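Single-structure report; data block below.
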Amino acid sequence: QVQLVESGGGSVQVGGSLRLSCAASGYTYNRCMGWFRQAPGKEREGVAALLLGNGVTSYTGSVKGRFTISQDIAKGILYLQMNGLKPEDTAMYYCAARKSYGGTCFAGVAMDYWGKGTLVTISS
């Protein structure tokens with residue numbers, strides 16, 4: 001069983017930055033992990049994904065060039081660095097992990113394990 005715990009959410013002005021963290025109990029090489037977000041009244045959206053170990057990444061178009069997903073192998077933590085934040089980035093952000101290993105690992109790919117989320121609010 002994989003347990004995921006997010007942290008780092010908060011409130012920031014437009015154009016600001018935040019870094020989200022995800023501590024995973026099942027931090028294993030070749031597992032696909034990612035970040036999702038859901039704004040009030042909106043569908044859940046895949047933001048970014050990373051294949052643990054080799055570090056191959058994927059992003060949804062709206063965050064490319066602004067967000068960076070990365071891993072800290074020594075600490076076993078997944079990060080999401082968010083720069084140039086916009087009001088439309090306001091959402092609950094969730095860390096997620098896939099049960100199987102290898103295969104496709106794209107932003108929005110189906111996941112099996114989920115954290116409880118951390119709230120990000122951008123003021124315009």
Side-chain angles (χ1 to χ4, degrees):
Q1 181 75 355
V2 175
Q3 292 187 337
L4 307 171
V5 181
E6 306 97 331
S7 62
S11 298
V12 65
Q13 295 241 338
V14 63
S17 299
L18 281 175
R19 187 176 73 166
L20 307 183
S21 300
C22 174
S25 63
Y27 199 94
T28 304
Y29 289 104
N30 213 33
R31 183 192 296 280
C32 181
M33 294 188 66
W35 290 93
F36 290 72
R37 66 186 180 186
Q38 187 167 25
K42 304 293 184 180
E43 295 294 318
R44 185 171 60 191
E45 173 190 29
V47 175
L50 179 150
L51 189 64
L52 299 183
N54 67 17
V56 174
T57 60
S58 173
Y59 301 91
T60 189
S62 62
V63 308
K64 287 182 179 178
R66 299 190 298 121
F67 290 12
T68 302
I69 186 171
S70 62
Q71 61 185 324
D72 187 322
I73 301 299
K75 296 181 178 179
I77 298 176
L78 186 73
Y79 298 103
L80 183 67
Q81 177 66 48
M82 307 186 294
N83 300 323
L85 287 163
K86 305 174 180 180
E88 52 263 43
D89 294 319
T90 294
M92 184 71 74
Y93 283 72
Y94 299 90
C95 180
R98 193 173 171 87
K99 181 183 296 183
S100 60
Y101 302 101
T104 59
C105 189
F106 295 99
V109 71
M111 298 291 189
D112 302 293
Y113 306 102
W114 297 85
K116 290 182 171 58
T118 185
L119 183 63
V120 172
T121 302
I122 315 301
S123 59
S124 60

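Worth saying up front: this structure is predicted, and the values here are computed from it rather than measured.
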Evaluation steps, side chain to side chain contact (heavy atoms under 4.5 Å, CB included), between Val2 and Arg31:
CA-CA 11 Å; Val2 175; Arg31 183 192 296 280; 3.8 Å; yes
Which residues pass the salt bridge (charged side-chain N to carboxylate O under 4.0 Å, His left out) test with Arg66, sequence neighbours left out?
Asp89
Working for side chain to side chain contact (heavy atoms under 4.5 Å, CB included), residues Thr90 and Glu88:
CA-CA 5 Å; Thr90 294; Glu88 52 263 43; over 6 Å; no
Closest heavy-atom pair and its distance - Arg98, Met111
N-SD, 3.5 Å
Distance (rounded to the nearest 0.5 Å) between Ile69 CD1 and Leu51 CG:
10.5 Å
Could you tell me if the side chain of Thr68 sits less than 4.5 Å from the side chain of Tyr59, heavy atoms only?
yes
Taking the side chain as everything from C-beta on, heavy atoms only, tell me whether Val5 gets closer than 4.5 Å to Cys22.
no
So do the side chains of Phe67 and Leu85 get within less than 4.5 Å of each other, counting heavy atoms only?
yes
Are Ile77 and Leu50 linked, directly or through intermediate hydrophobic residues, by side-chain heavy-atom contacts shorter than 4.5 Å (ILVMFWY only)?
no
List the atom of Leu4, the atom of Tyr113, and the distance in Å for their closest heavy-atom pair.
CD1-O, 3.5 Å
Heavy atoms only: give me the nearest Leu80-Val47 pair and the separation to one decimal.
CD2-CG1, 4.4 Å
Of all heavy-atom pairs linking Val120 and Gly9, the shortest is CG2-CA, 4.2 Å
If hydrophobic clusters are built by linking Ile, Leu, Val, Met, Phe, Trp and Tyr wherever their side-chain heavy atoms come under 4.5 Å apart, do Leu20 and Leu119 end up in the same one?
no
Any side-chain heavy-atom pair of Val109 and Thr104 under 4.5 Å:
yes
Hey, does Met33 have a side-chain heavy atom less than 4.5 Å from the side chain of Leu52?
yes
Evaluate whether atom CD of Gln38 has more than 12 neighbouring non-hydrogen atoms of other residues, nucleotides or ligands under 6.0 angstrom away.
yes
Do the side chains of Met92 and Phe36 join up, straight or via other hydrophobic residues, at under 4.5 Å, putting them in one cluster?
yes
Smallest heavy-atom separation, Gly53 atom then Gln71 atom, equals N-OE1, 3.2 Å
Contact between Glu6 and Tyr93 at the side-chain level, heavy atoms closer than 4.5 Å - yes or no?
no
Applying salt bridge (charged side-chain N to carboxylate O under 4.0 Å, His left out), name anything that partners Glu45, two or more places apart in sequence or on another chain.
Arg37
Which pair of heavy atoms, one from Ala107 and one from Ser58, lies closest together, and at what distance?
N-OG, 3.0 Å
Should the pair Arg19 and Tyr79 be classed as cation-pi, given the thresholds of under 6.0 Å to the six-membered ring centre and 45° from the axis?
yes
Check: Ser17 and Met82 side chains under 4.5 Å, non-hydrogen atoms:
no
Compare all side-chain heavy atoms of Leu78 with those of Trp35 and state whether any distance is below 4.5 angstrom.
yes
